[in-house]
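Computed from a prediction, not measured in an experiment: that's the story for all the values here. Letters A, B, ... mirror the listed sequences (proteins, then strands); counts begin at 1.
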Number of protein chains: 2
Amino acid sequence: MGVKERRTREKEQLRRQILSAARELFVNEGYESVSMRKIANKIEYSPTTIYLYFEDKADLLDSVCKETLLDLLNTLERLKEDTGDPVEALRESGRAYVEFGLKYPQDYKLTFVIRPQFQKGLGLQQGSVGERVFNYLRAMVSECIRQKAFRQVDVETTGQALWSAVHGVTLLLIDFSDFPWTEKDKLIDMVIDTMIDGLTA
Amino acid sequence: MGVKERRTREKEQLRRQILSAARELFVNEGYESVSMRKIANKIEYSPTTIYLYFEDKADLLDSVCKETLLDLLNTLERLKEDTGDPVEALRESGRAYVEFGLKYPQDYKLTFVIRPQFQKGLGLQQGSVGERVFNYLRAMVSECIRQKAFRQVDVETTGQALWSAVHGVTLLLIDFSDFPWTEKDKLIDMVIDTMIDGLTA
DNA sequence: CTGATAAAATTAACAGTGTTAAGTTAAGTT
DNA sequence: AACTTAACTTAACACTGTTAATTTTATCAG
């Protein structure tokens, strides 16, 4: 039965086509400014066809964000070099997180700001990619504490505090691009280093 | 000439009426979901009347946010107690900032997330209320350094880093309300205290 | 090759959007 | 009572997300 498999493949292909058209438009014009008709035009299908592949516009956003989170997770996990210094590893991960956000500012905002607004109630489910990203952070913090590089702080709260800090600087740099920031990397380092200094015994 | 003054007063009154209707709707239904027609209905005027008082929907948002910033500035300045301990004062201001954001989450998002998206290029002009809020923070940091409570760090970068941290935790708590956060105040304190510890000599 | 069956994609419609241009109503002045 | 100006409204434009009904396309059985 090669036919059914080909059909499945073709469906998957169109799904991906829709997804990549949606991402490009969302990123360039903003989620709200993109209409289903625009996406449909881009892929040269009728608007309603999209509804055969995605529940609605929010579901489309959801799928785009899931890809972004996977991309972020890959970026972070690629860093794992086992240098033996868990604090330095955490510092590098923090930098990589912010840089990821600044490299794909609109994707970052879609994932961490826009999406939560459009699907209240189910932001970070068990087993989701988002949870896996946070687990990565949790593991790094945990290692810092285990090796006594950090003072005896609560892993959970510490991880959340670190996330807060990097999330904050990422968003400010994206949203207030005309603010008279000091040199960008200096600020990023300041945020991360200050947090780590505060956690170091 | 009492007539002209009455007219001016009446105009100002309607302006405020529009503004407060817009704020209520923006906060309860989200900026994008609110139409000019909805606002007009609420105040029992035709939609186009609003355009006699505000340039467009973004200008309306702008004016709402300006009020929010004034409110935030007042909240912060009310704290000034001159306890003599600049670090403690900064800590309290940080807490007050986050609490303000959590007390009016939608107003906070409108001001610090939505607005920047809808008027790119002019986010924090000279003399704006936003600038005054940051000046307040700058002064507090400056005092900490002057009194040698902080090590010799750059005022500008430090202020921006602190803003990043409080902004981050505020937004995460607002946007990911279903995330398994540790106790809310514990997290807020952790973020602020860790930053301050990192800045303390 | 024909007809049936199921899947895929489309058309038309609904009630809504921000905004503009033109027109109307009301108030104050002479 | 006629004129002027400010305040407001009506009608229109080209859009929006989404649904129901319909048509097209592709596959299979005979």
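- Nearest to the side-chain atoms of A:Y45 among the listed nucleotides C:dA9, D:dT16, D:dC8 stands C:dA9.
- The residue from A:T49, A:I18, A:L19 that alone fulfils the side chain to side chain contact (heavy atoms under 4.5 Å, CB included) condition with A:I43 is A:I18.
- Counting any heavy atom pair closer than 4.0 Å across all strands shown, A:L14 reaches sugar-phosphate atoms only and no base atom.
- Note that B:K57 lies outside the cation-pi zone of B:F26, set by a 6.0 Å cut-off to the ring centre and a 45° limit from the axis.
- The distance between atom NZ of B:K57 and atom P of C:dT19, rounded to the nearest whole Å, is 8 Å.
- Nucleic acid contact class of B:S46 (heavy atoms, under 4.0 Å, all strands): base.
- Protein atom CG of B:D56 is 14 Å distant from nucleotide atom C1' of C:dT17, rounded to whole Å.
- Separation of atoms CD (B:Q117) and CD (A:E32) is listed at 8.5 Å; rounding is to 0.5 Å.
- To the nearest angstrom, C1' of C:dG18 lies 11 Å from CD of B:E32.
- Interatomic distance, B:I50 CD1 to B:Q17 CD, rounded to the nearest 0.5 Å: 11.0 Å.
- The interatomic distance linking B:L52 (CG) with C:dT25 (P) rounds to 17 Å, in whole Å.
- When both distances must be under 3.5 Å, the Watson-Crick or G-U wobble mate of C:dT29 is D:dA2.
- Rounded to an integer number of Å, the gap from A:Q17 CD to C:dA9 P is 11 Å.
- Place A:T48 and A:S33 on DNA chain D by their nearest nucleotides, and A:S33 ends up nearer the 5' end.
- Residue contacts shown for A:Y51 include a base, since a base heavy atom lies under 4.0 Å away.
- A:I50 places its CD1 atom 14 Å from the C1' atom of C:dA8, with the value rounded to the nearest Å.
- Rounded to whole Å, atom C1' of C:dT17 lies 6 Å from atom CZ of B:R37.
- Ring planes of A:F112 and A:Y97: tilted class, angle from 30 to 60°.
- Counting to the nearest Å, the P atom of D:dT9 and the CE atom of B:M36 are 14 Å from each other.
- Using a 4.0 Å heavy-atom criterion, one finds that B:Y53 contacts the sugar-phosphate atoms exclusively.
- Contacts of B:S35 with the nucleic acid, taken as non-hydrogen atoms under 4.0 Å apart, involve only primed sugar atoms and P, OP1 or OP2.
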